[in-house]
Structure formats: structure tokens, C-alpha cells
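Just so we're on the same page: letters track the sequence lines, and every chain starts at 1.
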Protein chains: 2
Amino acid sequence: MTIYDISRLSGVSVTTVSRVINGSEKVSEKTRKKVLKIIKESGYTPNAFARGLGLNTMRTIGILCVDPADTNSCINLTPAIGYLERELRRNNYDSILYCLEYNMQGKEDYLKMMLERRVDAIIIVGSFFIESNPKNNQCILDAAGSVPVFLINGNLEGENIYCMLCDDFNSSYMATSELISTNVRDILFLYTTLSESEKRKMDGYIAAMKDHDLAVSQDYIRHCPQDVRESYRFFESLAEEGLKYDGIVTCEDTTAVSALKYALSKGIAIPEQLSVVGCGNTILSQYCYPELTTIDGNYESLCVSAVNMLVRHLEGTPAPSRAVISSRLIRRNTTKFYGME
Amino acid sequence: MTIYDISRLSGVSVTTVSRVINGSEKVSEKTRKKVLKIIKESGYTPNAFARGLGLNTMRTIGILCVDPADTNSCINLTPAIGYLERELRRNNYDSILYCLEYNMQGKEDYLKMMLERRVDAIIIVGSFFIESNPKNNQCILDAAGSVPVFLINGNLEGENIYCMLCDDFNSSYMATSELISTNVRDILFLYTTLSESEKRKMDGYIAAMKDHDLAVSQDYIRHCPQDVRESYRFFESLAEEGLKYDGIVTCEDTTAVSALKYALSKGIAIPEQLSVVGCGNTILSQYCYPELTTIDGNYESLCVSAVNMLVRHLEGTPAPSRAVISSRLIRRNTTKFYGME
DNA sequence: ATGAAAGCGCTAACAT
DNA sequence: ATGTTAGCGCTTTCAT
């Protein structure tokens with residue numbers, strides 16, 4: 001069933017049928033009714049490929065993200081896929097997923113595949129896609145030569161590249177300040193990947209310590225493994241080492257929850273003896289015990305803004321190339337209240 | 001830059017260029033080299049829309065799933081998106097996501113959109129997409145009239161419909177039997193949505209109880225809310241009611257972990273006073289304390305099988321229309337060991 | 001308001 | 001081994 005069949009069946013030209021399908025004004029009500037009736041009866045749907053060929057778009061967006069099944073990946077970002085899909089669909093775009101393992105193998109190939117697929121734009125989810133070695137970001141700049149590229153919590157300067165940034169610096173700054181305000185002093189900062197995002201968080205921690213006249217010691221800035229078991233051992237080794245701490249600020253909820261598990265198994269009182277702030281406001285932060293005080297990076301807003309910018313850009317409206325979304329502290333039960341001893 | 005440009009630039013016909021692009025044998029090595037060189041130099045990539053129009057496929061699969069950002073949804077299924085995307089890509093298919101809120105609003109529309117998009121097949125992830133009222137499944141049967149439909153843990157008879165089933169019955173049967181074997185007797189069965197999948201789990205629980213000559217009481221088969229807070233209150237109300245239980249079998253890890261949190265806050269010893277088995281082997285089961293004994297539904301195998309069948313079907317090879325994947329018990333720290341008192 | 005016809009860029013049947 | 005040409009099913013320009 002093609003537009004020609006509909007044309008023949010309803011006794012009008014294909015042009016008119018096309019007009020009806022696309023809701024053009026310039027069709028008499030009578031003709032429109034007639035054509036619509038035939039279309040309905042015959043169950044005809046326009047061929048999307050032919051439309052795509054003519055219009056040179058099928059309204060699809062390529063989403064580059066980490067594999068939601070990869071247990072080593074940062075779980076903060078999985079919901080972003082959902083937010084993006086929802087917002088894009090609201091604007092009549094389809095989302096094609098390109099999932100990468102956490103090692104980022106094949107980033108360049110995937111970008112190429114998107115362009116071959118002729119996506120209208122590319123969204124890259126996560127700061128780890130932006131590497132410190134500029135050479136490894138060249139493929140992104142190249143892709144931006146063909147279609148606009150939108151980065152969710154990624155920072156990269158370039159023509160046709162739009163950055164939606166999470167205020168990572170302030171996240172850790174808030175978390176650290178919160179602990180300090182409840183008289184916690186020996187605060188551990190735990191990172192896992194040292195991605196660009198985590199580097200900014202580290203800076204926030206350092207700034208908060210300094211602003212409160214507390215010494216910043218490299219002993220208190222540590223790498224914690226991602227794996228649950230390994231991170232347990234990490235906390236054991238910290239104890240063996242004799243490091244004293246009464247507060248922890250992490251880059252991910254997973255790390256914070258691991259700390260909680262260790263504390264629980266050792267009978268360390270939370271938050272009285274040890275206060276913990278996570279990051280992500282992930283499902284883990286609600287299901288752990290005690291419930292975790294954490295930073296909500298507001299990924300939903302990040303995604304909504306990204307799609308807004310994308311739509312505006314594709315419609316030809318100029319859009320700002322950069323937006324920073326503020327994060328907020330979610331106070332739960334792993335930190336003391338102000339004034340609590 | 002089109003195939004005609006390449007044709008002109010390399011002095012051969014478009015057919016030959018097309019042959020080179022598609023790796024046909026019937027091209028002399030010399031010609032192939034020449035054309036490839038021109039293609040490379042010009043940075044030409046074939047127009048996917050034109051190909052799609054000619055071949056009537058763009059090798060895309062529509063995936064209907066619950067929104068990964070929906071906190072009310074079953075988190076067991078989020079990794080499935082990743083598994084499917086990975087397997088499909090290995091077979092050169094792109095995945096288009098169609099995410100639904102947990103209320104399933106718009107299922108029918110989404111299926112229609114997929115067909116309009118001319119996907120090559122549809123994969124539906126989750127048993128809740130199959131409803132008990134056959135009228136609500138008609139849209140799936142209709143869709144199967146156009147393209148093959150693959151259900152991940154969904155059971156629906158129909159032409160061109162393929163079912164990959166998780167052995168839900170046996171999951172709960174195993175979980176319940178495990179508890180009984182460690183002398184746990186008063187076992188609570190907790191469901192949340194009573195989807196088809198959960199109904200089968202309930203049957204498994206009942207069968208295990210009966211097979212071990214234990215009475216099955218409706219008092220011990222309960223609905224537990226999904227929300228963390230509400231489920232905490234649910235356990236409180238159970239205590240007020242005076243219901244005695246020393247074991248819990250759940251349909252989801254979330255429910256099990258909520259039970260753990262309640263027990264922890266009330267000083268109930270796990271597993272000595274209360275044994276718990278979850279379902280899903282989700283990230284929660286590893287990050288909770290104590291680590292949760294749970295059922296791994298083997299969703300990865302489910303997804304791999306689904307894509308295998310899909311590929312075989314689309315290649316014209318006959319494929320079985322149904323596969324049941326066995327689940328397995330992951331023993332961790334919320335259940336006693338056999339012989340432990 | 002309606003229609004004829006020229007693209008869009010590829011693949012494949014057929015011819016050489 | 002290579003080329004000619006007719007589709008694939010739409011949109012759009014230009015007439016009328």
C-alpha cells in the first residue's frame with residue numbers, strides 16, 4: 001500500500017494525499033475527509049524510509065552511553081537514558097542507543113556509525129567520554145562537523161558542541177561543608193575513576209576544607225575501588241594503616257554504601273562516629289541502612305535542558321552552548337543534624 | 001557526495017561502486033582499490049535512507065520497555081536494555097527505545113509508532129506488558145501481523161510471537177525450599193504487582209510449601225508496597241498484627257532489602273531470627289547489609305536467546321517460538337546454611 | 001485547491 | 001567484470 005494506491009482509490013493526486021497526511025492547510029475539507037477515510041480503511045501508513053530520503057531526516061537521535069548492564073559502570077547515569085528518551089519522544093524524535101563498556105572501547109566507531117545512520121544529533125551521556133588526552137576527543141569534534149553534539153555532564157569546547165554541566169565542584173563543596181558544620185573534621189574524600197567530573201568534585205572538597213581553615217592532606221584523598229568486595233578490603237586496609245577519620249565524602253553512592261556496610265559490620269555508629277555523604281541520589285541511597293545523605297546531581301534537569309537545546313538548535317533557533325545545573329544536598333540519616341553532638 | 005559522484009570520480013558505474021561498498025566478489029581487485037581510494041579521499045558514506053528505501057529495512061529493532069528512570073519500576077529489567085543492545089549490535093542491528101511509564105499508558109501507540117518507523121522486529125521487555133485481559137494484548141497480536149515480536153519474560157500465544165521465559169515458578173520454589181531446608185517454617189511470600197511473572201512465583205512458593213507438608217495460609221501471602229517508606233510501614237503493620245514469621249520469600253530484591261532495613265532497625269538478627277530471599281540479583285542485593293541471598297533470573301541468557309531467535313527468524317531460518325531459561329539461587333548472608341541452627 | 005513531474009540516493013535485474 | 005536502467009515511495013516545485 002503506497003501513496004499512489006491511496007491517490008488512485010480516492011481519485012486525487014498523490015500531491016494532495018501527501019498534503020492531507022502532512023496536515024497542509026491547502027486542502028478542501030471535503031477532499032481531506034475523503035482521503036482520510038480511504039487511508040483509514042486501507043490501513044495505510046506512509047513509508048518512513050521514503051520520507052527520510054526526501055526530507056533527509058528520520059528524526060532520530062544517537063545516544064552514546066555506558067552499558068546499563070555493566071556493573072562496573074556508574075549507576076547514576078542509567079536513569080538519564082530514560083529521561084532523554086522521554087523528552088526526545090515528546091518532541092517526536094526516536095532514540096537509538098549506542099552502549100559502550102566502561103572501558104570506552106570503540107567510542108570512535110560508534111560515532112561513525114551514528115553519522116552513517118544519519119542521526120540528526122548526538123547525545124553523549126557521562127563525563128568519562130571526554131578524555132584528558134585531546135587526541136581521544138578528536139572524534140567528537142569531527143562528529144560535531146556533521147551534526148550537533150550534546151554532552152550530558154561533559155565539558156568540551158568546540159564548534160557545534162553543547163555542554164550540560166552538573167555543578168560537581170559545588171556538590172562536593174556542599175557535602176564537605178555540611179560535614180564540617182556538624183563538627184566532623186577528619187574527612188576522607190573518596191574517588192573511583194578520577195574522571196573530569198570526579199576531578200571537579202575533588203576540587204570542591206579541597207576548597208571547602210580550605211575555606212573552613214582545615215588542613216588538606218593527601219592521606220585523606222583516596223582512590224576506592226568500585227567493586228563491593230574490593231572496597232570492603234579497602235576500608236580494612238585503611239584501618240590497618242591506622243588512619244583516623246570521622247567523615248567521608250564520596251563521588252558515588254556505591255562507594256558511600258560500601259563504607260556503610262563496613263561500618264555496620266564493625267559496629268561503627270553512623271552518624272555518631274562516622275558521617276557519610278554519597279553522590280547521585282541513586283536507588284542505593286534509599287535502600288541502604290541507614291538511609292544515605294547524598295548529593296542529587298539533578299540529572300533530570302540536565303537531560304531536559306539538553307533536549308530543549310537540541311530541539312531549538314535543530315529548529316534553527318539559536319541556543320546557548322552551555323548550561324550548568326545546580327545540584328542539591330539530600331539530608332538523610334548518615335549525617336548529623338546541625339547542632340547535634 | 002553521492003554514489004554518482006564516486007562513480008564519476010573513479011570512472012566506473014554506480015553499480016560497481018555499489019558492489020564495492022557492499023563487498024561483492026564480482027569486482028576486480030584493481031577496480032576495488034581505485035574505488036575504495038576515492039571513497040576514502042572524499043569521505044563519502046552511503047545514504048542510509050536511500051538504502052533503507054531500496055532494501056525496505058534499516059536494520060532497526062524497536063524495544064518496548066519500562067522507563068529506566070521510573071523509580072517505581074522493577075529495576076531487574078534495566079540491565080536487559082544493555083544486554084539487548086549489545087547483542088543486537090553484534091548482529092548489526094540498531095536499537096530504538098520506546099520507554100513506558102510503569103502504568104503502561106500508551107503501549108498501543110508505541111507499538112504503532114514502531115511499525116510506522118518500519119522496525120524489523122519488536123522486543124518487549126517485561127511480563128507486565130502482557131495483561132490478563134486479552135483485549136489489552138490485542139495490539140501485540142496485531143503488531144505481530146507485521147513484524148515478529150519477541151517477549152522477554154512474557155507469555156503470549158500467537159502467530160509470529162516468540163516467548164523467552166524466566167522459570168519464575170522454579171525461582172520461588174527454590175527460594176522457599178532453601179528456607180525450609182534450613183528449618184525455617186513460617187515463610188512469608190511477598191508480591192508487589194501480581195504480574196503474570198509474580199503469579200507464577202506465587203505458585204512456586206505454594207508448591208514448595210505443599211511438597212514439604214507445610215500448611216499454606218493466605219495470611220502469609222501478602223502484597224507489599226514498592227515504595228521504601230511504605231514498605232517499612234507495611235512491616236510495622238505486620239508486627240502490630242502479631243504475625244509470626246521467620247522467613248521471607250519476595251518477588252523483587254527491593255522488597256527483600258526493605259525487610260532487611262526493617263529488621264536492622266528493630267534489632268532482628270539476620271539470618272538467625274529471620275531469613276530472607278530476594279529475587280533479581282540486582283545491584284541492591286550486593287550493596288545491602290547483610291548481602292542478600294537472591295534468585296538470579298538469568299536475564300542475560302534470556303536476552304541473548306531472544307536476539308539469537310530474532311536474527312535466525314529474520315534470516316529466514318526457522319527458530320523455536322519459545323524458550324525457558326532456568327534461574328539459580330545465589331546464596332549470600334541473609335539465609336542460614338544447611339545444618340546451621 | 002489541485003496536479004504533473006522531477007528529484008532524493010541507493011540496489012538489483014538484466015544486458016553485455 | 002562492468003554498465004544501463006528501472007524501481008523504492010515519498011516531498012516539493014511549478015503550473016494551472
* To do: Starting from C1' on D/dT11, measure out to CD1 on A/Ile6 and report it in whole angstrom.
  => 17 Å
* To do: Could you run through nucleotides 7-16 of chain C and give me one letter per nucleotide, 5' to 3': B if any protein heavy atom sits under 4.0 Å from the base, S if only the sugar-phosphate is that close, - if neither?
  => -BBBSBB---
* side chain to side chain donor-acceptor pair (under 3.5 Å) pairs, two or more places apart, involving residues 301-311 of chain B -> B/Asn298-B/Ser301
* B/Glu131, CD atom: more than 12 neighbouring heavy atoms under 6.0 Å -> yes
In a table with atom names and distances, give each donor-acceptor pair under 3.5 Å that connects a side chain of residues 318-326 of chain A to protein atoms at least two apart or in another chain.
unit_1	atom_1	unit_2	atom_2	d
A/Arg322	NH1	A/Asn155	OD1	3.1
A/Arg322	NH2	A/Asn155	OD1	3.0

* Separation of D/dT2 P from B/Glu29 CD (nearest whole Å) -> 11 Å
* Asked: Between atom CE of B/Met104 and atom OH of B/Tyr110, what is the distance when rounded to the nearest 0.5 Å?
  -> 11.0 Å
* **Pairs touching residues 33-51 of chain B that satisfy side chain to side chain donor-acceptor pair (under 3.5 Å), sequence neighbours left out** => B/Asn22-B/Arg51, B/Lys37-B/Glu41
* Of the options A/Val149, A/Leu100, A/Ile140, which is the one that meets A/Leu64 in a side chain to side chain contact (heavy atoms under 4.5 Å, CB included)? -> A/Leu100
* To do: Round to a whole Å and report the spacing from CG of A/Asn56 to C1' of D/dC10.
  => 13 Å
* Structure fact -> Those stems involving DNA chain C that have three or more consecutive Watson-Crick or G-U pairs, both distances under 3.5 Å, are C:1-16 with D:1-16
* **Side chain proximity check, A/Tyr98 to B/Asp94, heavy atoms < 4.5 angstrom** => yes
* Please name all residues satisfying side-chain hydrogen bond (donor to acceptor under 3.5 Å, both in side chains) with B/Arg32, sequence neighbours left out, ordered by chain then number. => none
* Would you please confirm or rule out a distance under 4.0 Å between OP1 or OP2 of C/dG3 and any side-chain N or O of A/Thr16? => yes
